[in-house]
Structure formats: structure tokens, C-alpha cells
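First up is the structure itself, then whatever we jot down about it.
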Amino acid sequence: MIEKIINSFFYGNLKTKLFLWTVLLFALGAIFLLLAGIVLGLPVLGASGIAVGLVGFVISQSVSLNDLQKEKKQKNEKKRKKDSAVGQYASGKGKETEEEQNATKNTKKEKEKAKAQYLASMDEKKLKKTMKEHKVNQIHVKVMIDSYPEKQIEQAPAFMWRTDTMLHFMVLSDGAYEFEVPLNEITGFLLVKNVPADKERDYASFKISNYITKMFQPYLPEYFESTKDGQLQISKNTFRIEPGIYLTNASVSNLRKVLLPGVAFLVDDQVIASRRFNEYFKELYRESLLCKNMVITLEEYKKEVEKTLDALVVAPIPGSEFVNTLYDLSHYHLITKEYVAVYTQKYRELHLDKK
């Protein structure tokens, strides 16, 4: 028993150690006070020693060592049961995940079927009535929401309009739904490149011709094909606006023109992050991405090229930087050789006049 108590002093759980050391301290305190009272001849110290000893005795009798060890065993048993349950879950995890995946697939199929039926049921009269019910502004645009995870919206057509403080959406899915986003949250459009896609399965509802699918056909995404390790890969680019709404590339054009003309176009890639290229190069790089994604037309891109090059000619930069910028723009196929020749001549004429 003594060996058991000694082991518990050093190897027991926290509660056991606290109990034993408390009793020991009370016992030592009682002995010290009693001896001090006898040696010094002070009855008060002796009485205090007896009182402390009684308190220690009461504490020692309140809980038994066996009870504390039993409690520890119960905790350990609970932990073992929990670990066992976790182990059982882990061993059956693959099966449960597969079941959950199947359930998700079935839910998606059902929702896609309901969406196809709803879109097929929509004609001109019904659409006008629905738009009136949702108070769609006369100045609105059509967009395709590729995804909006927060609202569980996927590949759905929508009407978008703005008021003084809000951007409104009326989405056509398995019904007509409306939500809104504060305009001050939308600080820009972020290009999201190379989103994996499946042309056969994407936008399944739009493979059936009806009033709505014809109306929104121009806003379907453009797909890109590439190869990796000999495998064909299909991807698309989307544009994200806060709070996490992803629009197809074809949806952004009229949105920028009609509703949010002043909102910045954002690109997060190595070219924009590079210190090698100046802002004139980066500006045309951004505009080229808008052109490639059909957000702006080729004619609109040419206008941006001339506007940027006109600014470059008169920019307060060294002649070497001007030459390098033209070279880089041509090398990365952002401008033609003709533009290089024309603006090199303009630069020479301007600086000859200054001399």
C-alpha cells in the first residue's frame, strides 16, 4: 500500500497528485506547529497545529485513493472507446464518402432536371410576369452565373440590375430566385484562369432548345483545349466578383458597360506581379486578356492599344525604357510590328522638336 501511495505521488493523475500533496502539506504543517508550540512554550501554536492536523485528516477521509484511481480508469476507458469509434469511422470512411458522393450526385441530377423543366416552361409572357414580380429594373443585363457556392447556384442564367446601393440578381434555376450584393463590396473583377470543365456535362439544361436557352446562349462560356502528359484537358476562364460569384467570360462585357463601368479589372499572375514590366505593358496585357475572353472586341482593343501607346510616347521615362517597352509588347504579341514602327517614329519626331 505504501509503495502504491509513493507511486501515486509521482505518477498519478493531476487530481491524485493534488489530493496526496495537500494531505502531506497539512500533516507537515500540523507537526511543525505542534513542535514550535512545545519548544517555544506557546499554547496557541500547539492549538493551531492540532486544528491544521484535523483539517488534513478530514480531507484525507473525504476521498479515497481507490476512488481517484477508479475515476482515472473511467476516463481512460472513455478515451479508448472514443479512439475505437474513430478507428471504426476511419475504416468505414471510404464507404460513407462514396454514399455521400452518390447522394450529392443524385441531388444534383434532380436539381438539374427540375431546372431544365422550369426553363422549358418559361415563355415570353411568363418571363415578363416573373420579372415584374421581382421588380427587375428596365436597365438590366443578362448574365450567366457559372457558380456561386454560398447560394448553391451552378450554371444558371440571371438578370442583373443595380439600384443606388445594391447589385440585384434574379436567377432562373428550378425556380426564380432573387439576391442582392452591396455595391461597395464589389471592388473589381478578378480573372480566374483555367477552371476545369466538361463540355459534355456543363450547362446540360442549355442543350435543349427553348425560349430561355436561346436568349442566354450568347453567355455560355468559351472552352479551351490543351494537353498535359498526353491527356486532353478542357478548361474555361471565369470572372469573380465579391462575395464569390463566378460569371462566364461572355457575361462580363455588358455588365462592365451598363452596370459597373468604373470597376477595375484585376489579374493575379506572374506578369502583373513582375517588376520587369512597367504599367504601360501591364495595361495592354490586361486589355489583351479582356479581348481573348471576349469581354471587349478586337476594335475596342485596338483603341486601347493606341491610347496606351500615345501615353507611352509622352511619358517621362528614359528612351531605353520606351524602346524596351515597345520591344516587349511586340515580343509578347500585344502589338504588331507596324505599331512599333509608327510609334518609334512619333517618339523620334517629338524628341527632335524638343532639341
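Every heavy atom of this structure was used, including side-chain atoms; hydrogens, water molecules and symmetry mates were not.
By the neighbour-count criterion of 12 heavy atoms within 6.0 Å, atom CD1 of I139 is sparsely surrounded, having that number or fewer from other residues, nucleotides or ligands. Applying the 6.0 Å contact sphere to NZ of K126 captures more than 12 heavy atoms from other residues, nucleotides or ligands. With a 6.0 Å radius and a threshold of 12 heavy atoms from other residues, nucleotides or ligands, D268 has its CG atom at or below the threshold. Residue Q345 qualifies as enclosed at atom CD: its count of foreign heavy atoms under 6.0 Å is above 12. Within a 6.0 Å sphere centred on OH of Y327, other residues, nucleotides and ligands contribute 12 heavy atoms or fewer. Other residues, nucleotides and ligands place more than 12 heavy atoms under 6.0 Å from the NZ atom of K207.
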| task | May I have the step-by-step check of side chain to side chain donor-acceptor pair (under 3.5 Å) for Q155 and D146, ending in yes or no? | result | CA-CA 4 Å; Q155 302 175 358; D146 194 72; 4.8 Å; no
| field | Check against side chain to side chain contact (heavy atoms under 4.5 Å, CB included), L312 and I317 | value | CA-CA 9 Å; L312 178 64; I317 58 175; 3.7 Å; yes
| field | Derivation and outcome, side chain to side chain donor-acceptor pair (under 3.5 Å), residues S205 and E112 | value | CA-CA 7 Å; S205 303; E112 197 62 39; 2.7 Å; yes
| message | Applying side chain to side chain contact (heavy atoms under 4.5 Å, CB included) to E178 and V171, what does each step give before you reach the verdict? | response | CA-CA 6 Å; E178 187 183 340; V171 183; over 6 Å; no
| message | For K346 and D310: C-alpha separation, side-chain torsions, deciding distance, then whether salt bridge (charged side-chain N to carboxylate O under 4.0 Å, His left out) applies. | response | CA-CA 9 Å; K346 282 188 177 183; D310 284 339; 3.8 Å; yes
| task | Check step by step if side chain to side chain contact (heavy atoms under 4.5 Å, CB included) holds for V195 and V192. | result | CA-CA 7 Å; V195 179; V192 183; 3.9 Å; yes
| query | Which is it for L334 and F281 under the side chain to side chain contact (heavy atoms under 4.5 Å, CB included) test, yes or no, and what are the steps along the way? | reply | CA-CA 9 Å; L334 300 181; F281 179 93; 3.8 Å; yes
| field | Worked check of side chain to side chain donor-acceptor pair (under 3.5 Å) between E154 and Y148 | value | CA-CA 6 Å; E154 284 191 11; Y148 183 16; over 6 Å; no
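When atom types are taken as modelled, the side chain of S235 and the backbone of P196 share no donor-acceptor pair closer than 3.5 angstrom. Side chain of T308 to backbone of Y280: no donor-acceptor contact under 3.5 angstrom is found. A donor-acceptor pair under 3.5 Å links the side-chain atoms of T344 to the main chain of V340, judged by distance alone. Distance alone, capped at 3.5 Å, is enough to place a donor-acceptor pair between the H140 side chain and the Q138 backbone. Counting only distance, with no hydrogens or angles, the side chain of S330 and the backbone of L326 share no donor-acceptor pair below 3.5 Å. In this structure, the side chain of K236 does not engage the main chain of K193 through any donor-acceptor pair within 3.5 Å. Using a distance-only test at 3.5 Å, with no hydrogens or angles considered, no donor-acceptor pair links the side chain of R240 to the main chain of Y246. Without hydrogens or angle criteria, S251 side chain to L247 main chain gives no donor-acceptor distance under 3.5 Å.
In this structure, Y301 is a member of the same hydrophobic cluster as V295, with clusters built from ILVMFWY side-chain heavy atoms closer than 4.5 Å. I153 and M144 fall into different hydrophobic clusters, where Ile, Leu, Val, Met, Phe, Trp and Tyr side chains are chained together by heavy-atom contacts under 4.5 Å. The hydrophobic clustering, which links ILVMFWY residues whose side-chain heavy atoms are closer than 4.5 Å, places M294 and V305 apart. Placement of L220 and F239 in two distinct hydrophobic clusters is found when ILVMFWY residues are connected by side-chain heavy-atom separations under 4.5 Å, directly or transitively. Both I241 and V141 belong to a common hydrophobic cluster when Ile, Leu, Val, Met, Phe, Trp and Tyr are linked at side-chain heavy-atom distances under 4.5 angstrom.
Side chain to side chain, E338 and T336 meet the donor-acceptor criterion of an N or O pair below 3.5 Å. Under the 3.5 Å distance criterion, with hydrogens and angles disregarded, no donor-acceptor pair is assigned to the side chains of N249 and T238. Side-chain contact check for D269 and Y285: at least one donor-acceptor pair (N or O, by modelled atom type) lies under 3.5 Å.
Contact of the Y339 side chain with the L329 side chain is not registered, since no non-hydrogen atoms from C-beta on lie closer than 4.5 Å. Side-chain atoms of L172 and L119, non-hydrogen and from C-beta on, do get closer than 4.5 Å to each other. Residues W161 and V258 are not in side-chain contact: their nearest non-hydrogen atoms beyond the backbone lie 4.5 Å or more apart. Between R162 and L260, some side-chain heavy-atom pair lies under the 4.5 Å cut-off.
Residues L191 and L289 come closest through the heavy atom pair CD2-CD1, 3.9 Å. Contact between R256 and L290 at its shortest, heavy atoms only, is NH1-CD1, 3.7 Å. Closest non-hydrogen pair, L266 versus G188, comes out as CD1-CA, 4.0 Å. Y219 approaches A250 most closely through the heavy-atom pair CD2-O, 3.5 Å. Scanning both residues, P149 and G244, for their nearest heavy atoms gives CD-O, 3.7 Å. Among all heavy-atom pairs drawn from M166 and H168, the shortest one is CB-NE2, 3.4 Å.
E279 has a carboxylate O that lies under 4.0 Å from a charged side-chain N of R286, or vice versa, which qualifies the two as a salt bridge. The pair K135-E133 does not meet the salt-bridge criterion, since no charged nitrogen lies less than 4.0 angstrom from a carboxylate oxygen. Between D328 and R276 there is a salt bridge, with a side-chain nitrogen of the basic residue lying less than 4.0 Å from a carboxylate oxygen of the acidic one. Ion pairing of K128 with E124 is present here, as a side-chain N (NZ or NE/NH1/NH2) and a carboxylate O approach within less than 4.0 Å. Under 4.0 Å is where a charged nitrogen must lie from a carboxylate oxygen, and between E300 and K257 at least one such pair does.
Once rounded to the nearest 0.5 Å, the distance linking CG of L255 with CD1 of I186 reads 8.0 Å. Atom SG of C291 and atom CG of L298 lie 5.0 Å apart (nearest 0.5 Å). Remark: T187 OG1 to E185 CD distance equals 9.5 Å, nearest 0.5 Å. We find the CE-CG distance between M215 and N210 to be 10.0 Å, quoted to the nearest 0.5 Å. For the atom pair CD (Q233) and OG (S226), the distance works out to 5.0 Å, reported to the nearest 0.5 Å. To the nearest 0.5 angstrom, D202 atom CG is 11.5 Å from T248 atom OG1.
Taking the ring centroids of F216 and Y203, they lie at or beyond the 6.0 Å cut-off. Checked against the 6.0 Å centroid threshold, F169 and F179 count as a close aromatic pair. The six-membered or imidazole ring of Y347 lies near that of F322, with a centre-to-centre distance under 6.0 Å.
For K115 and Y118, the positive end is not near the middle of the six-membered ring at less than 6.0 Å and at most 45° from its axis.
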